[in-house]
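Here's the structure, in structure tokens; my notes come after.
Naming convention: chains lettered A, B, ... in sequence-line order (proteins, then strands); numbering from 1 in each chain.
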Number of protein chains: 2
Amino acid sequence: MPELIPDPPRPTDAELEILTVLWSRGPSTVREVHEAIGFRKPTQYTTVLKLLQIMAEKGLVRRDEKQRAHIYEASQPCEWTQRQLAGDLLQRAFSGSAKSLMLGALSARRVSKEELAELRKFLDEYEKGTR
Amino acid sequence: MPELIPDPPRPTDAELEILTVLWSRGPSTVREVHEAIGFRKPTQYTTVLKLLQIMAEKGLVRRDEKQRAHIYEASQPCEWTQRQLAGDLLQRAFSGSAKSLMLGALSARRVSKEELAELRKFLDEYEKGTR
DNA sequence: AAGTTACTACGAACCTCTTCGTTTGTCAAC
DNA sequence: GTTGACAAACGAAGAGGTTCGTAGTAACTT
């Protein structure tokens, strides 16, 4: 019978930064993650290691211990986590109003005409999908 | 000369919940906030008080001490904070892609046809505004 | 074999967040 | 004036998050 594994919790800020690396790089060693993080802010190797260990306990990442240098991998796809985070914020800060969220996002930073067009296209496709 | 006050920090989960009450009720006493919160989850009066005191230190709320029962008020308008939160998440979890954020939000919960129409209308107006 | 390097594991320190019990102060009514 | 109600202030405890130093261990080099 299938193991019943609960959804991993919402990642914290530091955890999300690591997940970002794992999503873009794919399965990686601690060293690889550490190097990627190092570009953005100086961090000790063991800090990244500890974080990854804790994330493994929480179920945010999976760990392959077959090699000496363990390989870590995000347990959930990027889109899944993004959905959690967006839905969570939508609920907590925007009382569920997608329009308000959009307004907030667009006014937070300049958005190109291309991106606006993309958004429209996306709305069309979305509507078609839920018909 | 004008006091140079830094922007308040990103509110935590519990703080955001209180801010929500203040935005909808307007300036309120601790008791009023406590009652409003109590509808959603049982909480001690002093917990709300402490939270508000800390939020005042952080600059998230202003406090009027003229009355015996102090009056608290959100220091920033709802829209401002929403913009911060949306921009922050956009940056941290969506690499700045407004489209991805929208996709996440829409797939997080069902959205009515009316809301979709609203979104389109909003996009049009937004484009007009940034011409 | 001894020394060097690369890795994991562990533990502790420090901070923030959240919660609540207790104390202190103020005001009004009896 | 004493009492009771209601308010702020304070202190502390517990949980979680973040960081890092140190220790232990396996593999590689000479």
Side-chain angles (χ1 to χ4, degrees), chain A residues 6-22 27-73 81 84-85 88-89 92-93, chain B residues 6 8-22 27-73 81 85 88-89 92-93:
Chain A
D7 284 350
R10 169 156 62 108
T12 66
D13 288 4
E15 288 167 350
L16 183 57
E17 201 168 349
I18 287 186
L19 283 177
T20 302
V21 173
L22 291 180
S28 312
T29 64
V30 177
R31 181 145 307 274
E32 289 163 339
V33 174
H34 175 239
E35 271 170 19
I37 295 277
F39 279 110
R40 316 218 304 99
K41 65 171 168 188
T43 311
Q44 286 307 112
Y45 175 89
T46 53
T47 300
V48 177
L49 171 64
K50 182 74 162 187
L51 241 344
L52 278 166
Q53 287 171 341
I54 292 175
M55 292 169 75
E57 278 175 20
K58 292 187 185 176
L60 285 167
V61 299
R62 264 188 304 269
R63 174 164 63 174
D64 176 358
E65 311 184 358
K66 283 198 283 290
Q67 311 294 331
R68 185 159 96 92
H70 299 171
I71 308 266
Y72 290 88
E73 179 183 9
T81 303
Q84 300 294 307
L85 290 171
D88 179 67
L89 189 67
R92 289 206 339 276
Chain B
R10 169 157 61 108
T12 66
D13 288 3
E15 288 167 350
L16 184 57
E17 202 167 351
I18 286 186
L19 283 177
T20 302
V21 172
L22 291 179
S28 312
T29 64
V30 177
R31 181 146 308 274
E32 288 164 339
V33 174
H34 175 237
E35 270 170 19
I37 296 276
F39 278 111
R40 316 219 304 99
K41 65 170 169 190
T43 311
Q44 285 308 112
Y45 174 88
T46 54
T47 299
V48 177
L49 170 65
K50 182 73 163 186
L51 241 344
L52 278 166
Q53 287 170 341
I54 292 176
M55 290 169 75
E57 280 177 18
K58 291 187 186 177
L60 285 167
V61 298
R62 264 189 303 269
R63 173 164 63 173
D64 176 358
E65 312 183 356
K66 282 198 284 289
Q67 312 293 333
R68 185 159 94 91
H70 299 172
I71 308 265
Y72 289 88
E73 179 184 9
T81 303
L85 291 171
D88 178 68
L89 190 66
R92 290 206 338 277

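Applying the ring-ring contact (aromatic ring centres under 6.0 Å, His included) rule to pairs touching residues 48-69 of chain B yields nothing, sequence neighbours excluded.
Side-chain contact between B:R10 and B:E15 is absent, with no heavy-atom pair separated by less than 4.5 Å. B:E73 places none of its side-chain heavy atoms less than 4.5 Å from the side chain of B:I71. You'll find the side chain of A:L22 stays beyond 4.5 Å of the side chain of A:M55, heavy atoms only. With a 4.5 Å cut-off on side-chain heavy atoms, A:Y72 and A:E32 do not count as touching. The shortest distance between side-chain heavy atoms of B:D64 and B:P27 does not fall below 4.5 Å. Taking 4.5 Å as the limit, some side-chain heavy atom of B:L19 sits within range of a side-chain heavy atom of B:V61. Inter-residue side-chain proximity for B:R40 and B:V21 is flagged as unmet; no heavy-atom pair is nearer than 4.5 Å.
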Each nucleotide of nucleotides 21-27 of chain C classed B (base within 4.0 Å of a protein heavy atom), S (only sugar-phosphate) or -, in 5' to 3' order, makes BB--BBS
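One atom, CD1 of A:I71, and another, P of C:dA6, lie 17 Å apart when rounded to the nearest Å. We find that CD of B:Q67 is positioned 12 Å from P of D:dA8, with the value rounded to whole Å. To the nearest angstrom, C1' of D:dT19 lies 15 Å from CG of A:D13. Rounded to an integer number of Å, the gap from B:L16 CG to C:dT18 P is 10 Å. Rounded to a whole Å, the CD1 atom of A:I37 is 14 Å from the C1' atom of D:dT19.
By the ring-ring contact (aromatic ring centres under 6.0 Å, His included) test, A:H34 is found to be paired with A:Y45, residues two or more places apart in sequence or in another chain being considered.
The shortest non-hydrogen separation linking B:T12 to B:K58 is CG2-NZ, 4.3 Å. In plain terms, the two heavy atoms of A:Q67 and A:H70 that are nearest each other are O-CD2, 3.5 Å. Heavy atoms only, all atoms of each residue included: B:L60 and B:P8 are closest at CD2-CB, 3.7 Å.
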Trace of the side chain to side chain contact (heavy atoms under 4.5 Å, CB included) decision for A:L16 with A:L85: CA-CA 10 Å; A:L16 183 57; A:L85 290 171; 4.1 Å; yes
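Only B:L49, B:K50, B:Q53, listed by number, bring a heavy atom of residues 48-62 of chain B to less than 4.0 angstrom from any atom of DNA chain D. Interface residues of residues 27-34 of chain B facing DNA chain D, ordered by number: B:V30, B:R31; criterion, heavy-atom separation under 4.0 Å.
A close approach under 4.0 Å does occur between a side-chain nitrogen or oxygen of A:R63 and OP1 or OP2 of C:dA9. Regarding contacts with the backbone of D:dC20, every side-chain N or O of A:Y45 stays at 4.0 angstrom or more from both OP1 and OP2. For the OP1/OP2 pair of C:dT19 and a distance below 4.0 Å, the side-chain nitrogens and oxygens of B:T43 include no atom meeting the criterion.
One end of the helix from C:dA1-D:dT30 to C:dC30-D:dG1 points its axis 20° away from the other end's axis, with each axis taken from 5 pairs and the angle rounded to 10°.
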